[in-house]
Amino acid sequence: MPPVEVEWTSVIGLANQTLTTPALIDFVDQFASVLPEDVCTYIRQIHRRNVLRNDRLANQLEEAVIAINGQGVTPVLLKGAATLATAPVERRGVRLMSDLDIMVVPDEAERAVAALAAIGYEIHDQARPESRRWYVELGRPRDVGTIDLQRAAPGPAYLYAGPGHALNHCVPSLLGRGRVYVPTPTYRALMLIIHDQFQDYGYWLGQLDLRHLVELRDLSDSEGLDWQDLASHVSGELMKNAVETQLLALAALLGVDIPRSMRTRLIPRLQFMRQLMQARFPATRVPFLAMTVLDLRSYRRATSGCTQTGRPGLWSVPRTDTLQFLLRAATAVRVGKV
């Protein structure tokens, strides 16, 4: 049963901030008899609208995949696109998403862009030539979301030294009349964690992405994630700390059964305590940036390809431009993050 005295305005406000309002439909369906009527009405309305929106996204995704297939390319579906392809229709409206993430191998990218342009897509944004990470964002006025076309899995390439290329962890699947690759549940979980912790800088900023935690919980409930298999893909101290920080949050906040061996180490526990403190007291975000030094040495090793501990010459303070970037990010309002 839900708590008796709840400030529902604050609960709904937090759900809206973290983009998790549609996911509250399960809670409403279970406890509607004891919840305020206006709360139930609001959440059901948001969920209903999101079902309609995600149905349109699913149709958009199938059309895009068929066009890309026409160029002899079979794309990999990432993040929300993979969820649309694998979730039961009745669960389609639980996740709020803004775009469709699709990956192709580098030598197929030009053909994929041409295929999408042929059905009316235009480039809205793309990576600069000097960027380490290639992407193209494409959209059409009639669609409810954009397509984020990528050539690699989310996050820095050095974090995938252990598991290797994403295609090694995908299974071929049909999407309506289209052909796609869908990452295995364990690899989807790994990519989601790397996306939050490193591509979105959550590990360095001490931020939580509750929407993706809910997605990880649902992935565990529906697919039965093998956490030890996930751990086997983790290489290096930095990645291990980041993954275990995410799993600690998953266990503590959403009650997911995570093996004890993956939630007892010191640095992940300190990082999770930091996340909770910053969520409750946002003014602590800037002083807690000092905690980046906990993993700075591990970061230097990971980016240099060194796996040995104790190697000299890897300890230093962050560069000035890095500190300035983290300071700006820590004080900015970031949608979906707390």
Side-chain angles (χ1 to χ4, degrees), residues 76 78-79 82 101 103 105-106 132-134 150-171 181-207 209 212-213 215-216 219-220 223 225-251 256 258-272 275 291-316 318 322:
V76 178
L78 305 177
K79 297 169 57 185
D101 291 274
M103 189 187 85
V105 298
R132 294 182 181 180
R133 181 169 189 79
W134 185 93
Q150 304 171 42
R151 297 192 306 198
Y158 61 80
L159 295 175
Y160 294 94
H165 196 277
L167 280 174
N168 298 333
H169 305 277
C170 291
V171 294
Y181 290 113
V182 178
T184 64
T186 298
Y187 202 74
R188 284 169 60 192
L190 179 70
M191 287 193 293
L192 200 57
I193 293 172
I194 291 175
H195 176 277
D196 284 356
Q197 299 287 54
F198 295 105
Q199 183 164 310
D200 276 2
Y201 307 103
Y203 187 65
W204 305 115
L205 298 173
Q207 293 184 333
D209 190 314
H212 288 162
L213 286 177
E215 187 171 351
L216 285 170
L219 194 58
S220 176
E223 304 286 353
L225 290 178
D226 185 337
W227 301 111
Q228 296 301 332
D229 184 32
L230 176 67
S232 71
H233 295 315
V234 175
S235 58
E237 196 73 8
L238 174 66
M239 191 173 174
K240 185 175 182 181
N241 288 340
V243 168
E244 291 186 6
T245 299
Q246 189 96 330
L247 297 185
L248 267 167
L250 200 56
V256 177
I258 304 295
R260 180 174 174 78
S261 62
M262 301 180 76
R263 49 185 175 88
T264 56
R265 296 171 57 249
L266 178 60
I267 289 182
R269 290 180 67 85
L270 289 175
Q271 290 285 15
F272 177 57
Q275 290 175 333
M291 288 186 67
T292 57
V293 301
L294 289 175
D295 256 323
L296 190 58
R297 188 184 296 264
S298 297
Y299 169 74
R300 300 292 191 210
R301 291 197 189 100
T303 55
S304 67
C306 174
T307 58
Q308 298 177 356
T309 60
R311 178 182 172 183
L314 291 175
W315 177 258
S316 64
T322 300

Q: Please name the pair of heavy atoms, one in Met262 and one in Ala231, separated by the smallest distance, quoted to 0.1 Å.
A: CE-CB, 3.8 Å

(Q) Is the shortest side-chain heavy-atom distance between Leu167 and Val105 below 4.5 Å? (A) yes

Q) Heavy atoms, side chains only, cut-off 4.5 Å: are Leu225 and Leu230 in contact? A) no

Q) Is any side-chain heavy atom of Tyr160 less than 4.5 Å from a side-chain heavy atom of Pro154? A) yes

Q.
Looking at every non-hydrogen atom in both residues, tell me the closest pair between Pro268 and Thr245 and how far apart they are.
A. CA-OG1, 3.4 Å

Q | Residues in side-chain contact (heavy atoms from CB on, under 4.5 Å) contact with Asp226, at least two apart in sequence or another chain | A | Gln228, Asp229

(Q) Are the side chains of Met191 and Lys79 in contact, using a 4.5 Å heavy-atom criterion? (A) no

Q. With sequence neighbours excluded, what pairs up with Ala249 under the side-chain contact (heavy atoms from CB on, under 4.5 Å) test?
A. Leu208, Leu213, Leu253, Phe272, Gln275

Q. Quick one: side-chain contact (heavy atoms from CB on, under 4.5 Å) partners of Gln150, sequence neighbours excluded?
A. Leu78, Asp101, Arg133, Tyr135, Asp148

Q: Let me see the working for Trp227 and Thr186 under side-chain contact (heavy atoms from CB on, under 4.5 Å), right down to the final yes or no.
A: CA-CA 8 Å; Trp227 301 111; Thr186 298; over 6 Å; no

(Q) Any non-hydrogen side-chain atom of Arg269 less than 4.5 Å from a side-chain atom of Glu244? (A) no

Q | Side-chain heavy atoms of Ile193 within contact of Tyr203, under 4.5 Å | A | no

Q | Partners meeting ring-ring contact (aromatic ring centres under 6.0 Å, His included) with Tyr201 (sequence neighbours left out) | A | Phe325

Q.
Between Glu237 and Arg265, is there a side-chain heavy-atom distance shorter than 4.5 Å?
A. yes

Q. Minimum heavy-atom separation for Gly155 to Gln199, with atom names?
A. N-OE1, 2.9 Å

Q: Please state whether the rings of His169 and His233 are parallel, tilted or perpendicular, taking 30° and 60° as the class boundaries.
A: perpendicular

Q | Glu215: side chain to side chain donor-acceptor pair (under 3.5 Å) partners, not counting sequence neighbours | A | Thr83, Arg95

(Q) Taking side-chain contact (heavy atoms from CB on, under 4.5 Å) as the definition, give me every residue that meets it alongside Ala251, ordered by chain and number, with sequence neighbours left out. (A) Ile258, Arg263

Q) Would you say the side chain of Gln246 lies within less than 4.5 Å of the side chain of Gln197, judging by non-hydrogen atoms? A) yes

(Q) Closer than 3.5 angstrom, by distance alone: can the side chain of Ser220 be matched with the main-chain N or O of Leu216 as a donor-acceptor pair? (A) no

**Q.** Cys170 SG to Tyr187 OH distance, which is reported to the nearest 0.5 Å
**A.** 7.5 Å

